[in-house]
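Below is one structure, written out as C-alpha cells; comments come after it.
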2 protein chains.
Amino acid sequence: MAAVTLQDVAVRAGVSQATASRVLNGSSRIPGEGVADRVRTAARELGYVPNAQAQALARASTGLLGLIVHDIADPYFSSIARGVQAAARTARKQVLLASTERDYDIERESVSTFIAHRADAIVLAGSRQSGHLDRDLEAEFGRYQDNGGRVVVIGQPLAFGSAVEPENHSASGELANALVAAGHTQFAIIGGPGSIRTAVDRRNGFVEALGRCGLTPLVEVSGDFTRDGGFSAARRLAAALQLHPDAGGPPTCVFAVTDVMAIGAIAAWRGLGLQVPRDVCIAGFDDIPTLRDHTPSLSTVALPLEQIGARAIELALCSDIDGLRERVAGQVVLRDSTKLP
Amino acid sequence: MAAVTLQDVAVRAGVSQATASRVLNGSSRIPGEGVADRVRTAARELGYVPNAQAQALARASTGLLGLIVHDIADPYFSSIARGVQAAARTARKQVLLASTERDYDIERESVSTFIAHRADAIVLAGSRQSGHLDRDLEAEFGRYQDNGGRVVVIGQPLAFGSAVEPENHSASGELANALVAAGHTQFAIIGGPGSIRTAVDRRNGFVEALGRCGLTPLVEVSGDFTRDGGFSAARRLAAALQLHPDAGGPPTCVFAVTDVMAIGAIAAWRGLGLQVPRDVCIAGFDDIPTLRDHTPSLSTVALPLEQIGARAIELALCSDIDGLRERVAGQVVLRDSTKLP
DNA sequence: CTGAAAGCGCTTACAG
DNA sequence: CTGAAAGCGCTTACAG
C-alpha cells in the first residue's frame, strides 16, 4: 500500500539513506560508481518515486508555481497559460492553476492556498480594480515576499512584485491613429468594467488619440469583459446611434476593448440585420488565435499572449530583480472589420 | 525570513503544538473555547499560514489533483479544464496542470512528476494511440494506484482507472443520420490522426451510419487535430473533389472530426473562393464555445465539455468505484454550415 | 480537554 | 566517499 521509500531503496542497495539520496538526486557529492549503480538499480527495481512533498520540506523549495486567471476557458487566459506552461517546463517547475471565475473571494482563497503550498512564485493574470488590492491580500503577499516568495502580475502593476504590462494605452492610441489614417471619421466605444485597469487604459488611449486628431466618440457604452458583455453593449450602442441596415453613408467605427467583446458585438448586430463593415465597423484588442478565422476578419491590436505568460515566469524565476515592470508592445492589425468601401 | 510556524503560534498562545494544530485544523477533538480563541488570535497576529507540504507529509494526502491536457490553449481542453477547476474547488482541492503540446515524452514526465508530488488523483484528457500505453507509464500508473492514487481518463478508456467517455461513435452516427434526413446525399470526411481513438471512433460512427443509409463517402482525407490540420486536409479534399466556386448542383457535405478542424477547413475553402454552405457543406464535432459566433454557424455535435471535466474529478474523488466507464451523450446541432438551398 | 513524543520521507551539515 | 543524526513543519495515536 505505502509507496516505496528512499529507505527501502537504501536497504536493498546496502547503503545508507544519505548515500541513496545523494545518488538519486544530483548532489554535488558524487558517490562511487559501483555504489551509485547499485542504488540506481535498486530504485528501478523497486519503482521508487521520490516524494516531492518530503523533498520540499527538507529543501525549503517546492518547485511549484501558482497561476491565477479569471477564466481558463477564456482564450485570452488560456493562451497566457500555454506560455506559462512552456516556461515552467523548461525551468522544471510545476504549475498550480486557479481559475477564479472573476470572483474576488475565490481569488483570495487561491492566493492563500498557493502560499500554503509554498509555491516559489505566484503569477496573477487578469487585472482588477486599478491599484486597489484587498487589505488582507496585500498583507499576505507582503509576508509571502518576505519569506522569499515572488509575485508577478500581468497587466496591472501592484505596489509590489514585478509586472508584465501590455502597452494598452499607447497601443490603442496607435489603433485609433491607424483607423483615422484609413479614413474613419466617426467613432464609438464599447468599454469594459470601469473598475478594471486594462479596460480603462485601452479606452483612454483610444479616446485621447482621437482627441489629438480633433475627434470625439459619438457614444460610449460598456459591458463585462466577455462575449455576452460585448453583445449587450452593442445592442445599446445600436439603439443610441440609431443604426439601420443599409442606411448608407460612412459607417461608424466602434472600438471594443477586447476581441471577445467585439465578437459578441458583431453577433448582436448581425441579429439586427446590420453588416460589418458595411453598416458599422469594429476593431478589438488582443488578437485571440481562435478568432483568426472569424468572418469578417477582425481589426485588432495583436498581443503576444504566450510570450507574455512565459515572460512572467521568467521574471518570477530570476530572483535578482524585483519590482521590475516589463512592457510588452502591441501591434496594430487592420483587417476586414474596419474596411471602408 | 522563515515563515511563521505552528510552533510559533503555539508559543505565543501558551499552548502545545498539538493543541494549536487541533484548533487551526478542524480536528474532531475540539479544545475549549478560551484556548481556541487564544490560538486563533495568535495565528492571526502572526499571519500564520499552514505549510501544506508538511501537512501532506503528516497526513499522507496532498489535496492535489493532476490534470494533463494536450494543449491548454485549445478551446476543447480549456473548457474541460474549466470544469475540472470548478469541481476541484468545491472539493477543496488544488489542480496541478500540465499541457503536453501533444508530446508523449512530456506526458510521461508530467505523470511522473504528478506522482512524485503525490497527487491524490490524475486526470488524463486527450486520447492517444488506441489502447496502447507506454510500458513504463503503465507500470508507474499501476504502482500509483496500488498506493491509493486514482486515475481517470477522458475519452480513451485504459486497461485501468476510470473513464469519462463521450459517445463519439454513436453521436457521429446520429449526425450522419440527421444530415441524410436533411437531404444530403454526397459526403466526404476530414479525419484525424489514425492513431487517435477519438478520431477513429468519430470517423467510423459517421461512415457506418452512412453505410446503413446505403451511402459511402466520396473521399477521405485527414490531418492533425488542429486548425491547421483541418486547413491543409481541406485543400487536399477540394482538389480531390474538384470543387469549384458556384459549380451548381448539390454541395458535398464534409464531416470534420473536430470543430477546430472544420474552422480551418472553411478558412481554406474561403481562400479558394468556395463558399459554405453554397459550394460545400461541413459539420464538426465538440461545439466549441468560442466558435458559436462563427459565420457560417457550424453544424456539430455538442459535447458538455465543462461537465465532462467536472465529472472526471468527481469520479476521481469517489473512491468506492474503480474501473467505472461513464458515457456522456453528444447532441446533434444542425446550423447554417450544412444548410441546403 | 491537553501535552509529550513519535513519525511522515526526505536533505544536509558534521564527522569519520 | 560514506554514514549517523538532526531537522524541515505538521498530525495523531497514546497517556494523563
Side-chain angles (χ1 to χ4, degrees), chain A residues 1-39 42-43 46-64 113 115-120 143 147-148, chain B residues 1-39 42-43 46-64 113 115-120 143 147-148:
Chain A
M1 191 62 186
V4 177
T5 240
L6 184 61
Q7 179 60 24
D8 300 336
V9 175
V11 168
R12 173 178 263 252
V15 301
S16 75
Q17 204 183 155
T19 298
S21 170
R22 290 191 271 252
V23 173
L24 265 17
N25 314 296
S27 156
S28 47
R29 325 257 81 253
I30 314 146
E33 255 321 302
V35 183
D37 270 352
R38 289 216 311 283
V39 172
L46 259 26
Y48 171 71
V49 178
N51 184 322
Q53 312 286 332
Q55 293 187 134
L57 198 56
R59 287 180 181 153
S61 160
T62 59
L64 253 30
T113 312
I115 293 180
H117 279 275
R118 301 296 189 263
D120 296 338
R143 280 189 298 267
N147 297 335
Chain B
M1 191 62 186
V4 177
T5 241
L6 183 60
Q7 180 59 25
D8 298 337
V9 175
V11 168
R12 171 178 264 250
V15 301
S16 76
Q17 203 183 157
T19 299
S21 169
R22 289 191 272 251
V23 173
L24 265 17
N25 314 296
S27 157
S28 47
R29 325 257 81 253
I30 313 147
E33 254 321 303
V35 183
D37 269 353
R38 290 215 312 282
V39 172
L46 259 27
Y48 171 71
V49 179
N51 184 323
Q53 312 286 331
Q55 292 187 136
L57 198 56
R59 287 180 182 155
S61 161
T62 59
L64 254 29
T113 312
I115 293 181
H117 278 274
R118 300 299 188 261
D120 297 337
R143 279 189 298 268
N147 298 334

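Chain A is the first sequence line, chain B the second, and so forth, proteins listed ahead of strands; every chain is numbered from 1. Please read all numbers here as calculations on a predicted model, not as lab measurements.
- You'll find the side chain of B:Asp120 reaches within 4.5 Å of the side chain of B:Thr62, heavy atoms only.
- Close to D:dT11, at under 4.0 Å from its OP1 or OP2, lies a side-chain N or O of B:Ser21.
- A:Arg38 has its CZ atom 15 Å from the P atom of D:dC1, to the nearest Å.
- Here D:dC10 presents its C1' atom at 14 Å from CG of A:Asn51, a figure rounded to the nearest Å.
- Straight-line distance between the C1' atoms of D:dT12 and D:dG16: roughly 16 Å, to the nearest whole Å.
- Atom CG of A:Asp37 and atom C1' of D:dC1 are 15 Å apart (whole Å).
- The nearest whole Å value for the distance from the CD atom in B:Gln55 to the C1' atom in C:dG9 is 16 Å.
- Heavy-atom distances to DNA chain C give each of A:Gln7 and B:Ser16 a nearest nucleotide, and the one nearer the 5′ end belongs to B:Ser16.
- The side-chain hydrogen bond (donor to acceptor under 3.5 Å, both in side chains) check on B:Gln55 picks up nothing, with sequence neighbours excluded.
- Considering only residues two or more places apart in sequence or on other chains, B:Ala20 meets the side chain to side chain contact (heavy atoms under 4.5 Å, CB included) condition with B:Leu6, B:Ala10, B:Val15, B:Val39.
- Between the CG atom of A:Leu24 and the P atom of C:dC10 there is a distance of 9 Å, rounded to whole Å.
- Looking at residues two or more places apart in sequence or on another chain, you find a side chain to side chain contact (heavy atoms under 4.5 Å, CB included) between B:Ser16 and B:Ala18, B:Thr19.
- Listed by chain and residue number, nothing satisfies the side-chain hydrogen bond (donor to acceptor under 3.5 Å, both in side chains) test with A:Thr5 (two or more places apart in sequence, or in another chain).
- Base pairing in DNA chain D yields stems of at least 3 consecutive Watson-Crick or G-U pairs, both distances under 3.5 Å, namely C:1-3 with D:14-16, C:5-12 with D:5-12, C:14-16 with D:1-3.
- Not counting sequence neighbours, B:Arg38 has no partner by the side-chain hydrogen bond (donor to acceptor under 3.5 Å, both in side chains) test.
- A straight line from CZ of B:Arg118 to C1' of C:dC10 spans 11 Å, rounded to a whole angstrom.
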### Message
Applying side-chain contact (heavy atoms from CB on, under 4.5 Å) to A:Asn51 and B:Leu57, what does each step give before you reach the verdict?
### Response
CA-CA 9 Å; A:Asn51 184 322; B:Leu57 198 56; 4.1 Å; yes

Polar-atom pairs under 3.5 Å, protein N or O versus N or O of nucleotides 6-8 of chain C: list them with distances, or write none.
| unit_1 | atom_1 | unit_2 | atom_2 | d |
| --- | --- | --- | --- | --- |
| C:dC8 | O2 | B:Ala58 | N | 3.4 |

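- With a 4.5 Å cut-off on side-chain heavy atoms, B:Arg143 and B:Ile115 do not count as touching.
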Polar atoms only, N or O, under 3.5 Å: list the protein pairs with nucleotides 14-16 of chain C and their distances.
none

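- Applying the salt bridge (Lys or Arg N to Asp or Glu O under 4.0 Å) definition to pairs two or more places apart or across chains, those involving residues 6-16 of chain A are A:Arg12-A:Glu45.
- Side-chain nitrogen and oxygen atoms of A:Thr19 include at least one within less than 4.0 Å of the OP1 or OP2 phosphate oxygen of D:dG3.
- Using a 4.0 Å heavy-atom distance criterion, A:Ala18 is classed as a base contact.
- Between A:Tyr48 atom OH and C:dG9 atom P the separation is 10 Å, expressed in whole Å.
- With sequence neighbours left out, A:Thr113 forms a side-chain hydrogen bond (donor to acceptor under 3.5 Å, both in side chains) with no residue at all.
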